[in-house]
> 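Before we start, here is the structure in question, set down as structure tokens.
The basis for the numbers below is simple: all heavy atoms, side chains too, and nothing from hydrogens, waters or symmetry mates.
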Amino acid sequence: QVQLVESGGGLVQAGGSLRLSCAASGRTFSSYAMGWFRQGPGKEREFVAAIRWSVGITYYADSVKGRFTISRDNAKNTVYLQMNNLKPVDTAVYYCAARAGATMTTRVEAYDYWGQGTQVTVSS
């Protein structure tokens with residue numbers, strides 16, 4: 001079955017950087033879209049970034065555009081989220097998700113598989 005395992009979260013000061021990883025297994029993901037979402041305390045899960053695995057086309061939420069970069073490594077079957085210039089408002093549990101069919105979307109309910117999440121805490 002499909003497994004998505006996130007890693008790389010932690011505590012960082014405002015202005016710092018983190019790189020999250022999502023190791024994907026269980027099938028070939030070339031026809032999938034991969035997404036990163038986050039859920040802050042008391043908030044709903046929200047879209048952060050997405051990538052079409054086959055061609056590398058990306059899409060970002062306005063709140064992270066210019067600071068975050070999503071990418072994938074085909075050989076390692078891994079998706080990354082490089083986060084720079086982090087702000088306290090970025091504090092959240094970050095989730096990796098996979099959507100069959102390659103079309104990118106920001107809708108949480110459109111993704112078929114989810115990882116367990118990794119905590120990112122940004123101190124001021």
Side-chain angles (χ1 to χ4, degrees):
Q1 72 274 20
V2 173
Q3 273 197 316
L4 304 174
V5 180
E6 302 98 334
S7 61
L11 173 64
V12 64
Q13 287 188 329
S17 298
L18 283 174
R19 188 177 79 158
L20 305 183
S21 300
C22 172
S25 62
R27 63 188 55 190
T28 301
F29 289 91
S30 57
S31 62
Y32 277 64
M34 305 296 292
W36 283 99
F37 290 77
R38 66 187 182 187
Q39 188 164 14
K43 298 181 180 179
E44 294 190 351
R45 194 168 297 189
E46 65 174 3
F47 170 79
V48 174
I51 186 168
R52 285 182 60 181
W53 195 295
S54 59
V55 294
I57 297 173
T58 58
Y59 184 74
Y60 297 92
D62 287 343
S63 59
V64 306
K65 204 172 294 182
R67 300 188 297 124
F68 291 12
T69 303
I70 187 172
S71 62
R72 87 275 189 249
D73 185 325
N74 291 331
K76 295 182 178 180
N77 240 27
T78 299
V79 177
Y80 302 99
L81 185 68
Q82 177 67 43
M83 306 185 295
N84 298 328
N85 191 21
L86 282 160
K87 305 175 182 180
V89 295
D90 296 317
T91 294
V93 177
Y94 282 71
Y95 297 91
C96 175
R99 166 178 163 79
T103 303
M104 292 187 292
T105 176
T106 63
R107 295 184 298 117
V108 170
E109 63 271 20
Y111 286 78
D112 303 295
Y113 305 100
W114 292 84
Q116 81 289 350
T118 185
Q119 176 71 47
V120 171
T121 303
V122 184
S123 63
S124 57

> Is there side-chain contact between V120 and L20, with heavy atoms separated by less than 4.5 Å?
yes

> Identify every side-chain donor-acceptor pair in residues 58-65 under 3.5 Å, counting partners at least two apart or on other chains, and give the distances.
| residue | atom | partner | partner atom | Å |
| --- | --- | --- | --- | --- |
| Y60 | OH | I70 | N | 2.9 |
| D62 | OD1 | K65 | NZ | 3.1 |

> In terms of ring plane angle, is the pair F37 and Y111 parallel, tilted or perpendicular, where the classes change at 30° and 60°?
perpendicular

> With a 6.0 Å cut-off on the ring centroids, do W36 and F47 count as close?
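Judged by ring-centre distance (under 6.0 Å), W36 and F47 do not meet the cut-off.
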
> Enter the distance from R19:CZ to L81:CG here, rounded to the nearest 0.5 Å.
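Reported to 0.5 Å precision, the distance equals 10.5 Å.
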
> Quick one: which of T91, D90, V122 gives a side chain to side chain contact (heavy atoms under 4.5 Å, CB included) with V12?
V122

> Are side-chain heavy atoms of Q82 and S17 found at a separation under 4.5 Å?
yes

> Hey, what do you get for OG1 (T121) to CG (L86), rounding to the nearest 0.5 Å?
10.5 Å

> Determine whether I51 and V2 fall in the same hydrophobic cluster, where Ile, Leu, Val, Met, Phe, Trp and Tyr are linked whenever their side-chain heavy atoms lie under 4.5 Å apart.
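Looking at the clustering, V2 is in the same group as I51.
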
> Give every residue pair that meets the disulfide (SG to SG under 2.5 Å) criterion with at least one member in residues 14-86, sequence neighbours excluded.
C22-C96

> Could you verify whether a donor N or O on one side chain and an acceptor N or O on the other, from R52 and Y32, lie under 3.5 Å apart?
no

> If you count every heavy atom of other residues, nucleotides or ligands that lies below 6.0 Å from Q1 atom CD, does the total exceed 12?
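No - once you tally the heavy atoms of other residues, nucleotides and ligands closer than 6.0 Å, there are 12 at most.
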
> Could you report the tightest heavy-atom contact between P88 and S124, atom names first, then the distance?
CG-CB, 3.9 Å

> Distance from N84 atom CG to R67 atom CZ, nearest 0.5 Å?
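The distance works out to 9.0 Å.
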
> For the backbone of Q116 and the side chain of E6, can you confirm whether one donor and one acceptor N or O come within less than 3.5 Å of each other?
yes

> Any chance you could measure R38, atom CZ, to Q119, atom CD, to the nearest 0.5 Å?
12.0 Å

> Does NZ or CZ of R45 come closer than 6.0 Å to the centre of the six-membered ring of Y95, within 45° of the ring's axis?
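So R45 does make the cation-pi contact.
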
> Report the distance from atom CZ of R99 to atom OG of S31, rounding to the nearest 0.5 Å.
11.5 Å

> Could you see if V108 belongs to whatever hydrophobic cluster contains V93? Use Ile, Leu, Val, Met, Phe, Trp, Tyr and a side-chain cutoff under 4.5 Å.
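Yes, because V108 and V93 connect within a single hydrophobic cluster, where side-chain heavy atoms sit under 4.5 Å apart.
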
> Hey, what do you get for CZ (R72) to OG (S30), rounding to the nearest 0.5 Å?
10.5 Å

> Can you confirm whether or not the ring centre of W53 sits under 6.0 Å from the ring centre of F29?
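So the answer is yes for these two rings.
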
> Between L4 and M34, is any pair of side-chain heavy atoms under 4.5 Å apart?
yes

> Shared ILVMFWY cluster between M104 and W114, side chains joined below 4.5 angstrom?
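Yes, one cluster joins them.
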
> Taking all non-hydrogen atoms of both residues into account, name the closest pair between S21 and T78 and its distance.
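Distance-wise, the nearest heavy atoms are CB-CG2, 4.2 Å.
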
> Considering all heavy atoms of both residues, which atom of A33 and which atom of T103 are nearest to each other, and what is their separation?
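The pair with the smallest heavy-atom distance is CB-O, 3.7 Å.
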
